[in-house]
There are 4 protein chains.
Amino acid sequence: MTESPEIPQTQTGGAKPKTAGRPRNEGVRRAILQAAYAILVEQGLADFTIEAVALKSGVARTTIYRWWPTKGVLAMESFLEAFRPQLAYVHTDNAAEDFRNLINSLVNTLSGPAGKIAASVVAEGQRDAETRRLFVEAFSEPLRQESTRLIRKGLEQGRFREDLDISLVLDAAVGAIYLRLLLCLPIDPTWSSSLSVTLLLGIERG
Amino acid sequence: MTESPEIPQTQTGGAKPKTAGRPRNEGVRRAILQAAYAILVEQGLADFTIEAVALKSGVARTTIYRWWPTKGVLAMESFLEAFRPQLAYVHTDNAAEDFRNLINSLVNTLSGPAGKIAASVVAEGQRDAETRRLFVEAFSEPLRQESTRLIRKGLEQGRFREDLDISLVLDAAVGAIYLRLLLCLPIDPTWSSSLSVTLLLGIERG
Amino acid sequence: MTESPEIPQTQTGGAKPKTAGRPRNEGVRRAILQAAYAILVEQGLADFTIEAVALKSGVARTTIYRWWPTKGVLAMESFLEAFRPQLAYVHTDNAAEDFRNLINSLVNTLSGPAGKIAASVVAEGQRDAETRRLFVEAFSEPLRQESTRLIRKGLEQGRFREDLDISLVLDAAVGAIYLRLLLCLPIDPTWSSSLSVTLLLGIERG
Amino acid sequence: MTESPEIPQTQTGGAKPKTAGRPRNEGVRRAILQAAYAILVEQGLADFTIEAVALKSGVARTTIYRWWPTKGVLAMESFLEAFRPQLAYVHTDNAAEDFRNLINSLVNTLSGPAGKIAASVVAEGQRDAETRRLFVEAFSEPLRQESTRLIRKGLEQGRFREDLDISLVLDAAVGAIYLRLLLCLPIDPTWSSSLSVTLLLGIERG
DNA sequence: GCCTAAACGAGACGGTACGTCCGGTCTTATG
DNA sequence: CATAAGACCGGACGTACCGTCTCGTTTAGGC
């Protein structure tokens, strides 16, 4: 099942706006997020300025400021927009297989453009605590919880070591990906499967 | 043995300068590096500007520009200056023990101020390729090579799995540390030893 | 008649602004021009920096750059602003008298603060061709044309030598003033009337 | 007779230096003055920096500072060096003729490179009083005195109006030249002779 | 239809930091 | 001493963005 759980929305999520006045232009919102995404992917963090996003999206600078408090939050939201549909949390009755699939899916996604954005968001998070918090809450934690659930299943099935430190396994798995992402080291499918194999060596019951 | 291998020096390494003209003022160099370090540790990347470094160190802005092409390189050098003496590569006849020690030493160092600097440098590396390159070459790679040597010893001793993907183990170990560093998650000795234990599970011969 | 002919305006001359966006703050514009004027008069060209003008006027440096491309143009405009209302082109039926009045009016004006500005603008014009051009077009030429008209009248009236080289007379008259201005030699009413007398000796019909 | 009276020398004027230590290198002095001259003529006041002069002359910056307190003084001296030999003060028994010759000689000289330097020095004199003073004392005044002498002769000979304001005639003559120089208006031999003719109209006895 | 209120575009403005150019002063080595 | 070389401090430059502000214009829903 593909799913994207508990991700907070910046935009008005639910029912009818109800409020008076001109309603928010959804096209403008998308244009901004896409421009942000494109700049981050094609040019990089250094060229990611509100000015540039405004120019590229053809939107007034003030409109961006109206909806996003900082660059980091904008980057984060454009990351989520692009990333959310891609990650697969599959649950079969083989936990090891599921774990492999999860890692592969994650690596697959992050080895593409989404990875560049993720790295940018993390970097921006070093300047701005709010961005960091958002990244952890809206992306890192949900991913972690879902993965934890998956590993627990393996434990219950008796396939995984019962003394396993789940949190640490996830640190190692995700950390390895971030490391290569941030240092611009190559990430290919070979590496990916090698990662799950190596990790499973320490995870699966001897 | 404590050792710091192959790290390129910015300052004139060896004998007599011999060059004409007023010699470089070593005190000024140190003042700049210390100011950079202090700002990064106490205030963070957002306040790390050449302007601020100049102010804090009491040195003219132009003098900083004379020696460091970008903020990233300056951050990197101030990181190395502070980090170099701290990391221990110990070689005993017990490879697993050595590995544990290496991880602990690395975590110890990076859980302190040096870790904040490292995170800043990595973040800055997302803006500027030169900074990233420098970080990899002057810090990441040497560390990796030394660690690889250490693990190879374990392989030769027959203690470690012979099908081990060394590079990947290092990705996982170091990546886990960076991950927590960059997301400002707590890193304590318990976590540290737990990390080596978990990794060794996948490393040591069943 | 007092008149100020054909001087190009920087600000929107006529009707409705009509333009979108926040309208230009006229007070800011005046503050800048006045500060520039004051610095040139009280401190001189050496202290006339954009920085100083910004400080004195209490306006952001960038705002100055938004409207004036160079210091010279700023100096020039502040000169015009202050000078324009002061010069009198009087036309009676006595051309000699008119000429005398013109010279006196010019000397009067330029022996005050406006003269210091004029000298500064001319000096700045040695560094920057645009400033020079502006001075010639917006000040020198209009003055010259008006004076030429006046002298022509004297020719038509038969009061002035018919072989008179008008341009040259103006070179001599205006040049004499600039000379003393630029060399900081005293300019007083006595000198002024002496100037018109001497020049008229060569102008009027024997 | 060609002559250059009372011009103060910056460099060691006369006899033997006698002093201990390495003697001043005359070649260096010339190289600096020539470089200064060349820059002023070919590039203009804006590019006339100590830095540029040092570069062009192949001399260390400090050497320039040792001998010339300011750029203005350097420009002035390089002007004098180049100008001095060119001006002719001829005395015949025809004062009008002499006057014409003087004007022509002056215009001739100043319509070439020397004129650009003169304009630069005058401009620089607006920033720095010392430069202005030097220009007046070392160039303007001597020229004025010599010219005054010449005109007095005409008065004594009864050729010139006895109520002539000599100083003012000179203001007009020299001022006219400066005016065109500073505004970069063309100065040609026709204009030159026209100038003396026009001025003589007001000078010579009716 | 008119009114109200918010969205949006446009651009002025006060700021901060950038990276550079020069100006002066100094320190050291060499001639 | 004179000169070369170059480090250093400092002021100003002109630029890029930032975030805020003040306008005018547009676009809905509610009266």
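Note that the structure is a prediction, hence the values are computed from the model and not measured. Hydrogens, waters and symmetry mates are skipped; everything else that's a heavy atom, side chains included, is used. A note on names: the letters A, B, ... follow the listed sequences, proteins ahead of strands, and every chain is numbered from 1.
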Q: Would A:Lys56 and A:Glu51 pass as an ion pair if we require N to O under 4.0 Å?
A: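 So A:Lys56 does not pair with A:Glu51 through a salt bridge.
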Q: Please report the distance, rounded to the nearest Å, between CD1 in A:Ile32 and P in E:dA7.
A: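 Rounded to the whole Å, the gap is 12 Å.
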Q: Between C:Trp67 and E:dC13, does any side-chain N or O lie under 4.0 Å from OP1 or OP2?
A: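 Looking at the OP1 and OP2 atoms of E:dC13, one of them is under 4.0 Å from a side-chain N or O of C:Trp67.
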Q: Taking A:Thr63 for its side chain and A:Val59 for its backbone only, find out whether a donor-acceptor pair lies under 3.5 Å.
A: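 Absent.
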Q: Do the side chain of A:Arg22 and the base of E:dA7 come within less than 3.5 angstrom through a donor-acceptor pair of N or O atoms?
A: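 Yes.
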Q: Between C:Pro69 and A:Lys71, who's closer to the 5' end of DNA chain F by nearest nucleotide?
A: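 Between the two, 5'-proximity favours C:Pro69.
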Q: Nearest whole angstrom, please: distance from the P of F:dC18 to the CH2 of A:Trp68.
A: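 In whole Å, F:dC18 P and A:Trp68 CH2 are 15 Å from each other.
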Q: Check the distance between E:dA17's C1' and A:Arg127's CZ and give it to me in whole angstrom.
A: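 The answer, rounded to whole Å, is 11 Å.
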Q: How close or far is atom P of E:dG23 from atom CG of D:Leu74, stated in whole angstroms?
A: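 Rounded to whole Å, this separation is 11 Å.
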Q: So, C:Glu137 and C:Arg132, do they make that salt bridge, N to O below 4.0 Å?
A: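 No, no charged N to carboxylate O under 4.0 Å.
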Q: Output the rounded distance in Å from CZ (A:Arg66) to C1' (E:dA10).
A: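 Distance, rounded to whole Å: 13 Å.
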Q: Using a cut-off of strictly less than 4.0 Å between a heavy atom of the residue and any atom of DNA chain F, enumerate the qualifying residues of residues 48-62 of chain A by number.
A: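 Only A:Thr49, A:Ile50, A:Glu51, A:Arg61, A:Thr62 qualify.
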Q: What is the distance, to the nearest angstrom, from the CZ atom on C:Arg29 to the P atom on E:dG11?
A: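 After rounding, the gap between these two atoms is 20 Å.
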Q: Rounded to whole Å, please give me the gap between CD1 in B:Ile64 and C1' in E:dA17.
A: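 Distance check: B:Ile64 CD1 to E:dA17 C1' gives 13 Å.
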Q: Quick test of your reading of the model: are B:Lys116 and B:Glu42 salt-bridged, counting only N-O distances below 4.0 Å?
A: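 Looking at B:Lys116 and B:Glu42, the cut-off is not met.
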Q: Using a 3.5 Å distance criterion without hydrogens, assess whether the side chain of D:Gln126 forms a donor-acceptor pair with backbone atoms of C:Leu182.
A: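 The answer is yes, because a donor-acceptor pair under 3.5 Å joins these two groups.
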Q: Is it the case that the side chain of D:Ser57 and the backbone of D:Val53 share a donor-acceptor pair, with hydrogens and angles ignored and the cut-off at 3.5 Å?
A: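 Looks like yes, one N/O pair under 3.5 Å.
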Q: Do C:Arg24 and C:Trp67 form a cation-pi contact, if we require the NZ or CZ to be under 6.0 Å from the six-membered ring centre and within 45 degrees of the ring's axis?
A: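 Judged by the rule (NZ or CZ under 6.0 Å from the ring centre, within 45° of its axis), C:Arg24 counts as positioned above C:Trp67.
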Q: Just how far, in rounded Å, is C1' of F:dA16 from CG of A:Asp47?
A: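 Computing the A:Asp47:CG to F:dA16:C1' distance gives 12 Å.
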Q: Looking only at side-chain atoms of C:Tyr65, point me to the closest of F:dC9, F:dG19, F:dC13.
A: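 The answer is F:dC13.
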